[in-house]
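Here's the structure we're looking at; comments come further down.
We name chains A, B, ... by the order of the sequence lines, and we start the count at 1 in each one.
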2 protein chains.
Amino acid sequence: MPRGECQGQGWWHGRFRGCGYRLTIGREAILDVLSKAPGHLSAEDIYIKIHPGHPNVGLTTVYRTLDVLSSLGMVSKLDFGDGRARYELAEGPKGAHHHHHLVCTDCNKVIDYTDFIDEEVELLRETEKGLGKKYNFKITNHVIQFYGLCDKCIHKK
Amino acid sequence: MPRGECQGQGWWHGRFRGCGYRLTIGREAILDVLSKAPGHLSAEDIYIKIHPGHPNVGLTTVYRTLDVLSSLGMVSKLDFGDGRARYELAEGPKGAHHHHHLVCTDCNKVIDYTDFIDEEVELLRETEKGLGKKYNFKITNHVIQFYGLCDKCIHKK
DNA sequence: TCACTATCGAAAATGGTTTCCAATTTCAAA
DNA sequence: TTTGAAATTGGAAACCATTTTCGATAGTGA
Ligand SMILES: [Zn+2]
Ligand SMILES: [Zn+2]
Ligand SMILES: [Zn+2]
Ligand SMILES: [Zn+2]
């Protein structure tokens, strides 16, 4: 099967092999960290977490693997605007852990929230419906992030 | 008046002076470009646009000025995840240039859409209000992106 | 075994942004 | 005017996350 045309369902081993990729030690370690560590990890975060147990996995491999995982739709690459990308396991909009982000532009604190208010749910539903129809898109996912000042940072200065 | 404590209303000259900043030629040129050029400009875009008329305004000054403008709330710093920040005059979510993204995960086509129906704007406003209250956030910006398959890619395979 | 890839890590390169610094400009007070 | 502290400047250098390069290694199927 040619690369890049594998967007189907499945999990780790099968998902990799079926797409022509090999599930190597390093890649497995990276997936392991992503699945266990909470929150949003940078490439370097992952590298540092892996290093004690796998000192021969380089930062380059972390970047490359995250790229592959991202293209397979297994991880989401997030951008909180602080100049370094964060990664988290993707579970899709209907997955149990789907959440949106609230990011403080001052201290970079990130809040994951899952308890969407009615307006937000309706906003998503209506927008997806309208956009899908207008642009002939089959919408499968979304990223929603609000930026602003957190509790503490509002009262600074 | 000490710096950094001026978030009040006003426009260019008064706004600057009142905050202890000086409205210099370079700064005025930058504001001028921002107010005339459509869309989102990178620091370098601005530098290049200004250079013919103001060859003595350096890229560093552009960055510094954008920083000041940003801290005064006069421009929004946007992050589209391509590694370079974009800037636009702050006009709030209702501003003329604000848009969201519709991204095809198969061919990477990106549609900028700005045609929010009033209802969507309203729901977004309500959502921001609700989130702001719930998490004590002062929300100033947002990134909303929908992913899916475009017209052509739906019918492939 | 034998090619053919995929994958690897280290080092170097990249490129947007920030920092540093010495020179210049501004502007209110003297 | 004159003056001096503070603000501002441009260019160079530094910074730093990420990407590219490259030669070596390991898995794969025949
Ligand atoms: Zn969602
Ligand atoms: Zn904060
Ligand atoms: Zn998250
Ligand atoms: Zn918007």
Side-chain angles (χ1 to χ4, degrees), chain A residues 1-6 13 15-31 40-48 50-72 75 77-87 105 108, chain B residues 1-6 12-31 40-48 50-72 75 77-87:
Chain A
M1 181 183 304
R3 290 237 173 129
E5 295 188 11
C6 187
H13 292 72
R15 184 73 162 277
F16 257 91
R17 306 303 304 275
C19 295
Y21 295 102
R22 298 170 189 161
L23 185 54
T24 61
I25 304 287
R27 288 172 174 177
E28 202 152 19
I30 290 166
L31 274 167
H40 325 90
L41 303 176
S42 68
E44 194 182 10
D45 289 338
I46 295 169
Y47 171 75
I48 287 173
I50 285 177
H51 200 255
H54 301 84
N56 48 343
V57 173
L59 183 55
T60 308
T61 292
V62 175
Y63 274 108
R64 272 192 294 234
T65 300
L66 289 170
D67 231 32
V68 170
L69 290 170
S70 203
S71 76
L72 289 179
V75 308
K77 182 178 183 179
L78 304 173
D79 196 328
F80 294 148
D82 67 345
R84 70 173 54 189
R86 310 302 172 114
Y87 301 83
T105 53
N108 293 320
Chain B
M1 181 183 303
R3 290 234 174 135
E5 293 188 10
C6 186
W12 299 8
H13 291 74
R15 185 73 162 279
F16 258 90
R17 307 302 303 277
C19 296
Y21 294 102
R22 298 167 186 162
L23 185 54
T24 61
I25 304 286
R27 289 173 173 177
E28 201 151 21
I30 291 167
L31 275 168
H40 324 90
L41 302 176
S42 68
E44 195 182 10
D45 289 338
I46 295 169
Y47 172 74
I48 288 173
I50 285 177
H51 200 256
H54 302 85
N56 48 343
V57 173
L59 183 56
T60 307
T61 293
V62 174
Y63 274 107
R64 272 190 297 232
T65 300
L66 289 171
D67 230 33
V68 170
L69 291 170
S70 202
S71 76
L72 289 180
V75 308
K77 182 178 182 179
L78 305 173
D79 199 328
F80 294 150
D82 65 345
R84 69 173 55 189
R86 310 301 173 116
Y87 302 83

- Going from CD on A:Glu28 to NE2 on A:His54, what distance comes out if it is rounded to the nearest 0.5 angstrom? 8.5 Å

- Query: In whole Å, what is the span from the CG atom of A:Asp82 to the P atom of C:dT18?
  - Reply: 12 Å

- Measure the distance from CZ on A:Arg27 to P on D:dA26 and round it to the nearest whole Å. 16 Å

- Task: Provide, to the nearest angstrom, the distance between the OH atom belonging to A:Tyr21 and the C1' atom belonging to C:dC8.
- Result: 16 Å

- Atom NZ of B:Lys77 and atom P of C:dG16 are separated, to the nearest Å, by 14 Å

- Starting at atom OH of B:Tyr63, determine the distance to atom C1' of D:dG11, rounded to an integer number of angstrom. 15 Å

- Query: For DNA chain C, what residues of residues 50-60 of chain A have any heavy atom nearer than 4.0 Å?
  - Reply: A:Asn56, A:Val57, A:Gly58, A:Thr60

- Query: Taking only residues two or more places apart in sequence, or in another chain, which ones meet A:Glu44 in a side-chain hydrogen bond (donor to acceptor under 3.5 Å, both in side chains)?
  - Reply: none

- Mind listing the closest non-hydrogen atom pair of B:Val62 and B:Ile30 along with its distance? CA-CD1, 3.7 Å

- Query: So, for B:Val57 and B:Gly26, which heavy atoms are closest and what is the spacing to 0.1 Å?
  - Reply: CG2-CA, 3.8 Å

- Sequence-distant partners of A:Ser42, side-chain hydrogen bond (donor to acceptor under 3.5 Å, both in side chains), two or more places apart: A:Asp45

- In whole angstrom, what separates A:Leu66's CG from D:dT19's P? 10 Å

- Note on the structure: By side-chain hydrogen bond (donor to acceptor under 3.5 Å, both in side chains), B:Asp82 pairs with (sequence neighbours left out) B:Arg86

- Query: Can you tell me how far P of C:dT18 sits from OH of B:Tyr47, to the nearest Å?
  - Reply: 17 Å

- Note on the structure: Rounded to whole Å, the CZ-P distance (A:Arg84 to D:dA17) equals 5 Å

- List for me each residue that meets ring-ring contact (aromatic ring centres under 6.0 Å, His included) alongside A:Tyr47, sequence neighbours excluded, and say none if there are none. A:His51

- Item | Annotated protein contacts, base or backbone, on nucleotides 21-30 of chain C with a non-hydrogen cut-off under 4.0 Å, one of B, S, - each | ----BBS---

- Distance-only, no hydrogens or angles: does the A:Arg27 side chain make a donor-acceptor pair with backbone N or O of A:Thr65 under 3.5 Å? no

- Begin with the C-alpha distance, continue with both residues' side-chain angles, and end with the deciding distance and a verdict on side chain to side chain contact (heavy atoms under 4.5 Å, CB included) for B:Tyr21 and B:Leu69. CA-CA 10 Å; B:Tyr21 294 102; B:Leu69 291 170; over 6 Å; no

